[in-house]
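Sharing a structure below in structure tokens format, with a few things to ask.
Below, all heavy atoms of this structure are taken into account, side chains as well, without hydrogens, waters or symmetry copies. Counting starts at 1 for both ligands and their atoms, in listed order.
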Amino acid sequence: MTKLTFSGSFTQQEAIPEAGIAAALEVLRSGRLHRYNVAAGEVAAASQLERAYADWQGARYCLAVTSGGQAIQIALRAAGVQTGDVVLTNAFTLAPVPGAIEAVKGQAVLVDIDETLRIDIDDLAAKAEATGAKWLLLSHMRGHVCDMDRLMSVADAAGLTVIEDCAHTMGARWNGAKSGSHGLAACFSTQTYKHMNSGEGGLLTSDDPDFMARATIMSGSYMLFERHGASPGGEHFASARVEQPNLSARLDNLRATILLPQLEALEENIRRWNERYRAVEAQLRRAQMVRVPDRPEAEDMVGSSIQFRVPHLSPDLCRRFVSEAGARGVELKWFGAKEPHGFTSTYESWAYLAPQSAARTLGILGTLFDMRLPLTFSVDDCDVIGRIIAEVAAASADW
Ligand SMILES: *Cc1c(COP(=O)(O)O)cnc(C)c1O
């Protein structure tokens, strides 16, 4: 019997919509790429994007910046994190999250996750009490939204200000409320592997006008904040304009231009991602050795990647699992490696953090696999991919 194989690329995203390409050419021909370089009566694409994204997200304000990581860093500073402040964050997240805490000289304290890959809210309550922390940088890692109602009630009781890292939850919801609408602010990324693709880019949203004024000055608005698309009124800038440092993290019109039509397509793309996720998931759920995290009823997910565990595997067999799936064309990442590989670093390799242990998280990551689901894959492709993984898992029983 010939084995099923797959030959698609796990890193190939879809083309930029033709409307975005045409608009980008116009920006290039105009020469006005800088967001504050506008002709009389013109609204810069960066400002148009801020307006459109604020409306889509249901936020009062939106600021376009150069990356998701910069959005987080600026949000932490604008919220008021001071040198040495404890910032609680998920022990399972991506390197820009602890990196942003380090950049503002905060002290990251890691909170465990549970088997569904969401933050362990009991551990959060315990660590908030033990440290007296005032800040939570909540990372919805790989798109898994925790019980936001319970999280916010624990955060409120503990006096924690919440900043949400929504790099993987742009468009997701909890109990009907958009991910990113619960905390003081939310940070999004438009880097190539997220839900909209401008190569690099970030969006910061909030309903708090003074916070947003500080963030806007930090983004490098010089004194041109009145040209922004979804910005608080000038009266909120009275002190921010002289007190906040310019960190020069502006988004340019070229990237904003290619994001605008992608925003229009986002709801449809979310539907397409979820179709693909469900196709892989259906195969994985039939495989005895494989555990796929349950998705709670209250969560409206965006299935742009899928995670699963094969709990009986040792580290050596996890490596074998990745290589056998890889030999059949299925590119898996494994989060259990001691050394960072691509985006799969664990907190143990962030050596700049104070030593600490999140044993439950390490136990989970030890047998956790991850796979991207680019929209260039068809639903049938995803079915084949799911079957291949299930076959490798079944074979692993005899290794
Ligand atoms: C991608 C990502 C970020 C930051 O995005 P960049 O735009 O690459 O800086 C933050 N958090 C998570 C979980 C991410 O995956």
Discussion item. Side chain, backbone, both or neither: which applies to His168 and ligand 1 if a contact is any heavy-atom pair less than 4.0 Å apart?
Written reply: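 His168 to ligand 1: side-chain contact only, backbone stays beyond 4.0 Å.
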
Give me the residue, atom name and distance of the protein heavy atom closest to atom 10 (C) of ligand 1.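 For atom 10 (C) of ligand 1, the nearest protein heavy atom comes out as Asp165 OD1, 3.6 Å.
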
Give me the ring orientation class for Trp399 and Phe321: parallel if the planes are under 30° apart, tilted from 30 to 60°, perpendicular past 60°.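 Perpendicular.
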
#### Entry: Protein residue, atom and distance nearest to atom 9 (O) of ligand 1, heavy-atom basis
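Result for atom 9 (O) of ligand 1: Gly69 N, 2.7 Å.
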
### Message
Check for me whether Pro96 has a heavy atom closer than 4.0 Å to any atom of ligand 1.
### Response
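Pro96 counts as a contact of ligand 1 under the 4.0 Å cut-off.
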
(request) Under 4.0 Å from a heavy atom of Ser189: give me the atoms of ligand 1 that qualify, with their elements. (result)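 Taking each heavy atom of Ser189 in turn, ligand 1 has 5 (O), 6 (P), 7 (O) under 4.0 Å.
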
Distance-only check: which donor-acceptor pairs under 3.5 Å involve side-chain atoms of residues 147-159, not counting sequence neighbours?
| from | atom 1 | to | atom 2 | distance (Å) |
| --- | --- | --- | --- | --- |
| Asp147 | OD1 | Asp149 | N | 3.1 |
| Asp147 | OD1 | Arg150 | N | 3.0 |
| Asp149 | OD2 | Trp174 | NE1 | 3.4 |
| Asp149 | OD2 | Asn175 | ND2 | 2.7 |
| Arg150 | NH2 | Asp122 | OD1 | 2.6 |
| Ser153 | OG | Arg150 | O | 3.1 |

Test of ring centre spacing under 6.0 Å for His236 and Phe211
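No, ring centres 6.0 Å or more apart.
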
Exercise for the section: Identify, by atom number and element, the atoms of ligand 1 in contact range of Gln191, meaning under 4.0 Å from any of its heavy atoms. Expected result: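 Those atoms are 1 (C), 7 (O), 8 (O).
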
**Asked** Does the N or O separation between Ile72 and ligand 1 drop below 3.5 Å for any pair?
**Response**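 There is no such contact.
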
Notebook entry, point to check: Do any nitrogen or oxygen atoms of Met141 come within less than 3.5 Å of a nitrogen or oxygen of ligand 1?
Noted result: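 No - when backbone and side-chain N and O of Met141 are compared with those of ligand 1, no distance drops under 3.5 Å.
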
>> So, 4.0 Å and heavy atoms of His140: is ligand 1 close enough to count as a contact?
In response: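 The answer is no: ligand 1 sits nowhere under 4.0 Å from a heavy atom of His140.
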
For this session: Decide, yes or no, whether a salt bridge links Arg272 with Glu275 under the criterion of side-chain N to carboxylate O below 4.0 Å.
Result: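 The answer is no: the pair does not qualify as a salt bridge.
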
- Query: Is it true that atom CD of Gln356 has more than 12 heavy atoms of other residues, nucleotides or ligands lying nearer than 6.0 Å?
  - Reply: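 More than 12 heavy atoms, drawn from other residues, nucleotides or ligands, come within 6.0 Å of this atom.
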
Do any side-chain atoms of residues 64-72 form donor-acceptor pairs under 3.5 angstrom with protein atoms, and if so which ones, sequence neighbours left out?
| from | atom 1 | to | atom 2 | distance (Å) |
| --- | --- | --- | --- | --- |
| Ser67 | OG | Gly69 | N | 3.4 |
| Ser67 | OG | Gln70 | N | 2.9 |

Answer with yes or no after comparing the ring centroid distance for Trp56 and Tyr53 against a 6.0 Å cut-off, counting only values under it.
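Yes, they do, as the ring centres are separated by less than 6.0 Å.
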
**Ser139-ligand 1 polar pair, N/O distance under 3.5 Å** =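 It does not: no N or O of Ser139 is found under 3.5 Å from an N or O of ligand 1.
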
Give a yes or no answer on whether the side chain of Asn90 reaches the backbone of Ser139 with a donor-acceptor pair at less than 3.5 Å.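 Side chain of Asn90 to backbone of Ser139, a donor-acceptor pair under 3.5 Å: yes, one is there.
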
### Query
Just which atoms of ligand 1 are under 4.0 Å from any heavy atom in Lys194?
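Under 4.0 Å from Lys194, ligand 1 has these atoms: 1 (C), 2 (C), 3 (C), 5 (O), 14 (C), 15 (O).
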
Can you list the ligand 1 atoms lying under 4.0 Å from a non-hydrogen atom of Ser67?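 Per the distance check, 7 (O), 9 (O).
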
Note to self: Please report whether ligand 1 has a polar contact with Thr93, defined as an N or O pair separated by less than 3.5 Å (distance criterion only).
What the structure shows: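 Checking ligand 1 against Thr93, no N or O pair falls under 3.5 Å apart.
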
Notebook entry, point to check: Under 4.0 Å from any heavy atom of Val97, which atoms of ligand 1 are there?
Noted result: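 Counting from 1, the qualifying ligand atoms are 11 (N).
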
- Message: Taking Arg291 first and then Glu115, would you say they form a salt bridge - that is, a charged N and a carboxylate O separated by under 4.0 Å?
- Response: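 Salt bridge: no.
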
